[in-house]
Amino acid sequence: MAKKIIIGNWKMNPVSSKDAEKLFISIVKFLNRKTRTEVVICPPFLYLENLKSSSRTKKISLGAQDAFWAEIGAFTGEVSPDMLYNFSARYVILGHSERRTLGETNETVNKKIKAALSAGLIPVLCVGESVRDESHDYFDLVKTQLGECLSGVKKTSVAKIIIAYEPVWAISSTINRKDATSADCLEMIIFIRKILSDKFGSESKKMRIIYGGSANEKDAEDFLRNGGVDGLLVGRASLDAKKFIEIVKICEALNK
Ligand code: PEP
């Protein structure tokens, strides 16, 4: 069985490299060397270089929050997957709802996933609906996101991809957000597993599916135990070393 994974998405935080290092070190310090849980931190691009040396303990891996689809060239403002790999990133979050709001489409996410895989990065593909409508159209939306974002991805590569189910209505930055329950999560995870199985056959069983949406030290156990997931994508709570470590410990305890 694949290792459980806890990924911290720092988003556009903290404001200085010094603060980033402090937060990172306080997380690394408390992680057990023999932890069976994979722990990943995705800081802003700028901090990767600095955090590289602190991540050498191998207790924690680094990831990015986006990557472009081309290797090199005239793409002002973009960062390529190869650059990220050379900066020690091994994971990359793609298709996050906050980037979709800024214009990211399933088509661009699809190109980015293929480029990330070619560069040796593990894509963490975010999918999820903005609202849960009574006619259950949100299932179709997630199905379309998966179909279009994973279009043309080879069966032999899918085991490397992590799917993050993030209902946008539960994310901490959403105005008037609501709490998702582990039952909400489980229902969608079963649906996602079915779509992936129809698309990729038995290889899909190797894919990890995680949950994100205000996950914290209080509800982590419920999501991990009852939500049908292989881990969590943690935003706000990953900016608090104590809370993030607590989440990792909860995951560890369930792994025993
Ligand atoms: C996210 O946006 O990826 C996320 C998980 O955020 P939060 O935990 O803050 O809702």
Side-chain angles (χ1 to χ4, degrees), residues 3-68 76-99 102 112 116 119-124 126 162 164 166 171-173 210-218 220 231-253 255:
K3 265 187 168 183
K4 293 257 188 289
I5 186 162
I6 303 292
I7 305 176
N9 175 12
W10 283 3
K11 307 192 181 186
M12 203 171 69
N13 298 289
V15 81
S16 76
S17 182
K18 233 184 183 160
D19 288 346
E21 208 172 340
K22 219 164 111 188
L23 175 58
F24 193 80
I25 288 170
S26 51
I27 293 170
V28 175
K29 223 167 46 190
F30 285 98
L31 288 180
N32 192 323
R33 189 171 290 276
K34 287 195 184 125
T35 174
R36 280 179 304 267
T37 303
E38 230 168 299
V39 183
V40 182
I41 292 291
C42 302
F45 292 137
L46 280 173
Y47 303 151
L48 282 168
E49 174 77 348
N50 227 11
L51 301 184
K52 203 160 79 179
S53 52
S54 318
S55 70
R56 289 221 175 91
T57 57
K58 306 249 186 301
K59 291 196 269 184
I60 213 163
S61 303
L62 289 171
Q65 299 170 19
D66 190 28
F68 196 56
T76 303
E78 297 292 354
V79 174
S80 80
D82 295 278
M83 290 172 182
L84 292 170
Y85 193 92
N86 291 337
F87 254 47
S88 294
R90 292 294 175 264
Y91 295 78
V92 61
I93 298 171
L94 294 172
H96 191 281
S97 58
E98 286 156 10
R99 296 215 58 83
L102 297 173
K112 290 177 175 187
L121 295 175
I122 296 176
V124 181
C126 297
I162 297 172
E166 295 211 298
I171 289 181
S172 66
S173 57
I210 63 177
Y211 168 80
S214 302
N216 56 60
E217 74 290 1
K218 295 191 186 99
L232 298 169
L233 178 54
V234 184
R236 188 167 287 176
S238 70
L239 295 170
D240 182 319
K242 265 195 187 158
K243 289 183 183 175
F244 188 70
I245 291 158
E246 189 53 35
I247 294 170
V248 174
K249 283 186 180 162
I250 290 165
C251 190
E252 277 295 280
N255 265 342

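All residue numbers in this chain count up from 1 along the given sequence. None of these values were measured; they are calculated from a predicted model.
Rounding to the nearest 0.5 Å places NZ of Lys22 at 13.0 Å from CD1 of Ile27. Once rounded to the nearest 0.5 Å, the distance linking CG of Leu48 with OG of Ser88 reads 8.0 Å. Of the inter-residue distances, the one linking Ile6 atom CD1 with Ile245 atom CD1 reads 12.5 Å to the nearest 0.5 angstrom. The CZ atom of Phe68 sits 11.0 Å away from atom CE of Met83, with the distance rounded to the nearest 0.5 Å. In this structure, OG in Ser16 is found 11.5 Å from CG in Leu46, a value given to the nearest 0.5 Å. Atom CZ of Phe24 is separated from atom OH of Tyr47 by 14.0 Å, given to the nearest 0.5 angstrom.
The pair Glu49-Lys52 meets the salt-bridge criterion, since a charged nitrogen lies less than 4.0 angstrom from a carboxylate oxygen.
Residues Val79 and Phe87 fail the side-chain proximity criterion, which asks for heavy atoms closer than 4.5 Å. Looking at Asn255 and Thr37, their side chains come closer than 4.5 Å, going by heavy atoms from C-beta outward. You'll find the side chain of Leu62 stays beyond 4.5 Å of the side chain of Val40, heavy atoms only. Side-chain contact between Ile7 and Val124 is present, with heavy atoms from C-beta onward closer than 4.5 Å. Taking the side chain as every heavy atom from C-beta outward, Ile5 and Tyr91 approach each other to under 4.5 Å. The shortest side-chain heavy-atom distance between Pro43 and Leu51 falls under the 4.5 Å cut-off.
Residues passing the side chain to side chain contact (heavy atoms under 4.5 Å, CB included) test with Asp66, sequence neighbours excluded: Phe45, Leu94, Arg99, Glu104, Lys112. When the salt bridge (Lys or Arg N to Asp or Glu O under 4.0 Å) test is applied to Glu217, no partner is found at least two apart in sequence or on another chain. Qualifying salt bridge (Lys or Arg N to Asp or Glu O under 4.0 Å) partners for Glu78, counting only residues two or more places apart in sequence or in other chains: none. In this structure Lys11 satisfies the salt bridge (Lys or Arg N to Asp or Glu O under 4.0 Å) test together with Glu98, sequence neighbours excluded. By the side chain to side chain contact (heavy atoms under 4.5 Å, CB included) test, Lys3 is found to be paired with Glu38, Arg208, residues two or more places apart in sequence or in another chain being considered.
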Can you give me every donor-acceptor pair (side chain of residues 231-244, partner residue at least two apart or in another chain, under 3.5 Å) with its distance?
| unit_1 | atom_1 | unit_2 | atom_2 | d |
| --- | --- | --- | --- | --- |
| Ser238 | OG | Val234 | O | 3.2 |
| Ser238 | OG | Gly235 | O | 2.6 |
| Asp240 | OD1 | Lys242 | N | 3.1 |
| Asp240 | OD1 | Lys243 | N | 3.2 |

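Asp19 places no side-chain N or O within donor-acceptor distance of the main-chain N or O of Val15, the cut-off being under 3.5 Å. Looking only at distances, a side-chain donor or acceptor of Lys59 sits under 3.5 Å from a matching main-chain atom of Val28. The backbone N or O of Tyr85 sits less than 3.5 Å from a side-chain atom of Arg90, completing a donor-acceptor pair. Listed for the Gln65 side chain is a donor-acceptor partner under 3.5 Å among the backbone atoms of Cys42.
Taking both residues in full, the closest heavy atoms of Ser172 and Ser214 are given as N-OG, 3.1 Å, listed atom of the first, atom of the second, then distance.
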message: Under the criterion side chain to side chain donor-acceptor pair (under 3.5 Å), I'd like the reasoning laid out for Thr35 against Glu252: C-alpha separation, chi angles, the key distance, then a yes or no.
response: CA-CA 7 Å; Thr35 174; Glu252 277 295 280; 3.2 Å; yes
